[in-house]
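The figures here come from the full heavy-atom set of this structure, side chains too, leaving out hydrogens, waters and symmetry mates. Chain naming here is simple, since letters A, B, ... match the order of the sequence lines and numbering starts at 1 in each. The structure presented is a predicted model; accordingly, all values stated were derived computationally and were not measured.
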There are 2 protein chains.
Amino acid sequence: MQTYRDTFENEDSTPAGAAVPQSKKRWILNAFNMSCAGHMAPGLWKHADDRSARYHDIDNWTEVSKLLERGKFNGMFIADVLGPYDVFGKNFNGALRTGAQFGIDDPLLVISACAAVTKNLAFGVTASVSYEAPYSLARRFSTLDHLTKGRIAFNVVTGFLTSAAKNFGFEQQTEHDERYQRAEEYVTVLYKLWESSWRTDAVVLDRERDLYADPTRVRKINHCGKYYKTEGPNLVEPSPQGSPLIYQAGTSTAGVEFAGKHAEAVFVTGPTPKKVRAHVDNLRAAASKAGRDPQSIKLLVKLLVIVAATDGEAQKKESELRSYASNEGAAVLFGGWLGEDLSVYDEDKDLREVDIPAIKNMVKGYAALYSDEKRPWNRKTFTDHFKLEGLGPTVVGSPTTVADAMQRWVDEADVDGFNLSYALYPGTFVDIVELLVPELQRRGVHWKDYPTRSDGQGIYAREGIYGLGQEKFRDDHPGARYKWEAGCEPPPLD
Amino acid sequence: MQTYRDTFENEDSTPAGAAVPQSKKRWILNAFNMSCAGHMAPGLWKHADDRSARYHDIDNWTEVSKLLERGKFNGMFIADVLGPYDVFGKNFNGALRTGAQFGIDDPLLVISACAAVTKNLAFGVTASVSYEAPYSLARRFSTLDHLTKGRIAFNVVTGFLTSAAKNFGFEQQTEHDERYQRAEEYVTVLYKLWESSWRTDAVVLDRERDLYADPTRVRKINHCGKYYKTEGPNLVEPSPQGSPLIYQAGTSTAGVEFAGKHAEAVFVTGPTPKKVRAHVDNLRAAASKAGRDPQSIKLLVKLLVIVAATDGEAQKKESELRSYASNEGAAVLFGGWLGEDLSVYDEDKDLREVDIPAIKNMVKGYAALYSDEKRPWNRKTFTDHFKLEGLGPTVVGSPTTVADAMQRWVDEADVDGFNLSYALYPGTFVDIVELLVPELQRRGVHWKDYPTRSDGQGIYAREGIYGLGQEKFRDDHPGARYKWEAGCEPPPLD
C-alpha cells in the first residue's frame, strides 16, 4: 500500500487544481469498519463507551447496521488484512499490546446476520486475490449477493503485508507489478464465472416441464491462463447483481491502472483536497484510457468526522478521544502501511532528519501543510497527530462546520462521497447519524430516504452508486462483455 | 466417497451382530441440510409445500434454525461439495434439469444469521481441506466459533468429485490415500493454530496496564511440513471452543483411520442396523487404536423419517412425496457417490447383471435385503427405491413406530444418534418436531430442554455431545496435546 508515500512523492503530478463548480450532487456515504478492535484508532477500546472490542458479538454488528440504515448510508465497508502488522519493532508485539488490527475475524462471515436486519444498506467486504482460488472466491461473493439480495460489494486487494505471505507459505510477497498482473487475470476469471457461465434466466423452476434449470443455458468456462486454471461453471446460480459491485483502493501506477479499468468505486485518502484531487484525476484519466466514462468511477475519500452540537463541544470530544488513542498502536499501523519501522528512531528524533526519503518527505510535507514547521516532528508528535484517524484527514466541529468542510472536499477534490472511519465505536457513527445526517439532508446532498425498487426489494449495491436500474455492470465496464443475458447467445470467452 | 460400495463389498467384516442391551441413553439429533434445492430428494422442489429451492433466502434458514431449536435438536449439519455431479451421462445436464445439488451456495456464509436467532443449536459445516490454505480455513472456523459463541462444528472432507478438482485447476483428484495423508497434516496445522498459537488468556483487555493482549502469550507456529507451510499465529483471538467440534464421514480404510484419530462425531449410513454396526465397530476400533476412548466417537446414522399421526397416514404421505421425486436426479447423485454412470444401461436392464462388480453386488444386496429378489432391479426401480432418501434408510410411520425403529438402530447398530435428512423442506422437520420429538422426550431418549451453562450462554457444540464442561478437546484427542492453557508453558509444536 503506497498511499502515504505517494502522497508526497508524486508532488509534481498535482494538477493546477482549479476547483470544480460547487455541486449539489448526492454524496455517497460509506461507514469504514473492520472486524477488529479500534480499526484506525488503536487504544480507543479502553474508552468506557467504546464497543469495538466486542467485534466477536453478532449484535454489535447488527446494531451498527441498523444505525447506518437509519442514517441512509450507502453501505458499510469492512477492511481486512491477512496477517499481523509486524514492521514496527520487527515483530507483532506492539500490535498485540495495543490491539492494533490484531486479532481480526473473517469479515465475510457476519454479513448474513447484518443483511437479515436491514433492507437497503450495502456491505462492502475486502478480500485478497493473492491466496485463494478464484473459483472459491466467486462462490463466496455470489452466495452473499443472493443472501443480501444484491447488496454486496467486493473490495479487490492484493495485500501489502509480508506477514500475510508467510501465513500462506511464501517467504515474501509476490513482486508488486506481478501481483497486479495476477489480479488482472483473477478478476477476468471471476467475470467469466459470474457473468458468462449461467445465462441470467438459466434457472427456470418449471413444474410443468419438470425442469429446475435449462442445461442449454449453462456452460463451462474452461479458463486456462498464465496463473489460473478452472473449468466452471460457477457453483452458484445467477445472483441479483451478477458480479458484486467492485471496489478498489490501489494508488501505485499498476494499482491506478487496475482501478481505472475494473473499479466501480475507489477509496482514496490524503491530507488535503488538493492532494487527493491529483489522485482522483489520475484515476479518472485511467478510466478514460480504459474506455470508460471517467465519472463512472466513484471516488470515496476517507474521513474521520467528530461532530457535536457546537465546534467547541466537538473539539472537546476530539481531545478526550485522542487521550485514549495509542501512539504505539499508530506507529504499528504506520509501519505496515509505510513499510518502515519507526522504532529504530529515538522517540525525540526529528523525522524530517532521517535517512529514509519516504519518511523524511512525508513528515516534511505534513509539517508544511499544518504550518507547524517549527515544532518537533518526532515519533511522539507525529503519532499524536494521526493516532485517531490513521493518517487520514479529520474534520471536527458542529454539523455546519463539518458539512462545509465536506462540501470543500467534494468541490475541490472532485470526490463523489466519503468513507467515514470511526474513533469511538459506534459513538462516532451515532453522532454522524443523529447530528450530521440531518444537516446533509437539509442541504440536499444526502438521501432523505433510499430510492424504492419496483419489486419492493431493497436497492442493490450497484444501484446505490449509479441509480435505480443499474443492477449489473455498466456497458463500458470490462466485465460487461461477458454478460450472458436472457434470450441471447453466449458471448465469446476470449 | 465409498460408503455405498463398501456396504456390500465388505460383507465379510460384518460382526456376529449380537445386539447391545437396550439403552436409554440420550440420543444426538442433527438435521441434515445443504445449501441447495432438494438435497437428498431431488425433484421435491416441485411440491407446493416445499421451500428448499428458496435456499438463497436468509429467512428460509433462520426459520428452520428456530424450528430445530424448538425441537431441541443438537445441531443443523450442512453438507457441501465443490463441483457439480457429472458422472451420470458424463455431464452435469441431469444435475441442472433436476436441480440435484446444483447450484450450491457457500454453507459458511449463512451461519451468523442463524446463530443470531438461536441460542443452543449447533451448526456443523462441511469444508474441504483439499483446495484452501489451512490458515484461511482456521480463521473462518475461529470466527464462526466466536460469532456463534461456541456452537460451530467442522465436517472435515477431502472431496470425492473430479469436477471439483477441475474447478481448482487439477486434471483429477489427488489419489485417495494421499488425500488423507495431506488431510492428516492439514488438521495438525489447524490444531497448532487453534490450540497453540494464542494462550487461552492471551487477550487481557487490561485498561490499567493499557494492554489489549499479552505478547508473551502469543507465538508463531512456524509449521513447515511435507504439504503445508505457515508461520502463524492464528489471525483470530482464542475462541470459545478453541477448535470447532470435529465431524467426519470417511468409510474407506484411510477414512476410518482418520476418523478414528480425529473425529468427535462421525456420520454413518447403511441399509440396516446390522450393516451399519460393522462400520461402527470399525470406527470404534480405530479410535481405540489411536489411544482414544472408543465411546468418545459419537456415531450418527443418516435416516429419513416420514412421521404422521398414524402408520397409514405416514405411508400415504410417503407415497405422495415420492411421486414428486426425480429418478434422473437420484441417478445423478448415485453417479457422484458410486463413481459409476448408470446412464450407460437401458432403463430396463437388470442391474444385477451388469459387468461392474460395485453396482452388481450393491443391487444384489439390496434385493436380498428387501426380500424382493424376483422383481426387476433396473435403473427405474432402483432409483424409485431411493430417490427420496439418497440410498439411506427410511422409517415411515406413527411416532411410536418411528421411535421403536430408531431404538433398534441405537441398540443394534450401537449408534449415538441420528442425522435426519428431509424429503419435504421444511415439512419433514416440522413433522419431526411436532410429532416425533414429544414421543422421544416421553421415552427419555431426547432432551426436554438443553442443559444450562452457568454463564447463561447457550451450550457449546462440544458440550452438546459430551456434556456440560467439555468445552475443548477431550484429553485423549490428538489435538489436546497442543492446548496452551492459561498459566501454562507453551506445549511443544512437534
Side-chain angles (χ1 to χ4, degrees), chain A residues 35 37 43 45-46 53 56 58-59 62 82-84 92-93 96-99 102-106 108-113 115-116 131-133 135-136 139-140 142-144 146-147 163 166-169 202-203 205 207 210-215 218 228-232 234-237 326, chain B residues 35 37 43 45-46 53 56 58-59 62 82-84 92-93 96-99 102-106 108-113 115-116 131-133 135-136 139-140 142-144 146-147 163 166-169 202-203 205 207 210-215 218 228-232 234-237 326:
Chain A
S35 215
W45 63 268
K46 290 169 291 179
H56 302 311
I58 293 176
D59 59 1
T62 52
L82 292 172
F92 49 65
N93 294 349
L96 287 166
R97 279 192 295 268
T98 64
F102 188 37
I104 319 169
D105 284 357
D106 186 315
L108 289 161
L109 296 167
V110 81
I111 302 300
S112 68
Y131 307 113
E132 176 170 22
Y135 186 80
S136 300
R139 185 191 188 200
R140 293 190 213 284
S142 292
T143 297
L144 284 177
H146 278 300
L147 292 175
S163 67
K166 290 183 176 175
N167 287 326
F168 291 90
V203 178
L205 297 176
R207 288 185 168 85
D210 194 4
L211 197 65
Y212 184 88
D214 182 342
V218 183
Y228 302 103
K229 191 175 168 192
T230 185
E231 185 174 89
N234 194 2
L235 198 50
V236 179
E237 300 168 11
S326 165
Chain B
S35 213
W45 62 268
K46 289 169 292 178
H56 302 309
I58 293 177
D59 60 0
T62 53
L82 291 172
F92 49 64
N93 294 349
L96 287 167
R97 277 192 295 268
T98 64
F102 189 35
I104 318 169
D105 283 358
D106 186 315
L108 288 161
L109 295 168
V110 82
I111 301 302
S112 68
Y131 307 112
E132 177 170 23
Y135 186 79
S136 301
R139 183 188 190 202
R140 293 188 211 286
S142 293
T143 298
L144 285 177
H146 278 298
L147 293 174
S163 66
K166 291 184 176 173
N167 287 326
F168 291 90
V203 179
L205 296 176
R207 287 185 169 85
D210 194 5
L211 198 64
Y212 185 88
D214 182 342
V218 184
Y228 302 103
K229 190 174 170 194
T230 186
E231 186 174 87
N234 193 2
L235 197 50
V236 180
E237 299 168 11
S326 165

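Listed options A:Leu211, A:Thr62, A:Ile104 were ranked by heavy-atom pairs under 4.5 angstrom with chain B; first place goes to A:Ile104. The greatest number of non-hydrogen atom pairs below 4.5 Å with chain A, out of B:Ile58, B:Leu235, B:Leu205, B:Val110, is found for B:Leu235. No other option in B:Val218, B:Thr143, B:Asn93 has as many heavy-atom pairs under 4.5 Å with chain A as B:Thr143. Of the listed residues (B:Asp59, B:Asp210, B:Thr98), the greatest number of heavy-atom pairs within a distance under 4.5 Å of chain A belongs to B:Asp210. With chain B as partner, the option from A:Arg97, A:Lys46, A:Arg139, A:Arg207 having the largest number of non-hydrogen pairs under 4.5 angstrom is A:Arg139. When the candidates B:Ala213, B:Pro215, B:Ser112 are compared by the number of heavy-atom contacts under 4.5 Å with chain A, B:Ser112 comes out ahead. Interface check for chain A: of the options B:Asn167, B:Leu108, B:Asp105, B:Leu147, the most heavy-atom pairs under 4.5 Å are formed by B:Asn167. Most heavy-atom pairs under 4.5 Å with chain B, from the set A:Asp214, A:Leu82, A:Asn234: that is A:Leu82.
The closest side-chain heavy-atom distance from A:Leu109 to B:Leu109 is below 4.5 Å.
Atoms OH and CH2, from B:Tyr212 and A:Trp45 in turn, are 8.0 Å apart once rounded to the nearest 0.5 Å. Rounding to the nearest 0.5 Å places CG of A:Leu144 at 10.5 Å from NE2 of A:His146.
Under the side chain to side chain donor-acceptor pair (under 3.5 Å) criterion, B:Glu231 pairs with no residue, sequence neighbours left out. B:Thr230 meets the side chain to side chain donor-acceptor pair (under 3.5 Å) test with no other residue; sequence neighbours excluded.
Using bins of under 30°, 30° to 60° and over 60° for the plane-to-plane angle, the ring pair A:Tyr131/A:Phe168 lands in the parallel bin.
What you find for A:Gly232 and A:Tyr135 is that their closest heavy atoms are CA-CE1, 4.4 Å. The shortest heavy-atom contact between A:Ala53 and A:Ala37 is CA-CB, 3.8 Å.
If you measure heavy-atom distances from B:Ile111 to chain A, the contacts under 4.5 Å come from the backbone alone. Using a 4.5 Å cut-off between heavy atoms, B:Tyr228 makes no contact with chain A at all. Proximity to chain A (any heavy atom under 4.5 Å) is shown, for B:Ser136, by both the backbone and the side chain.
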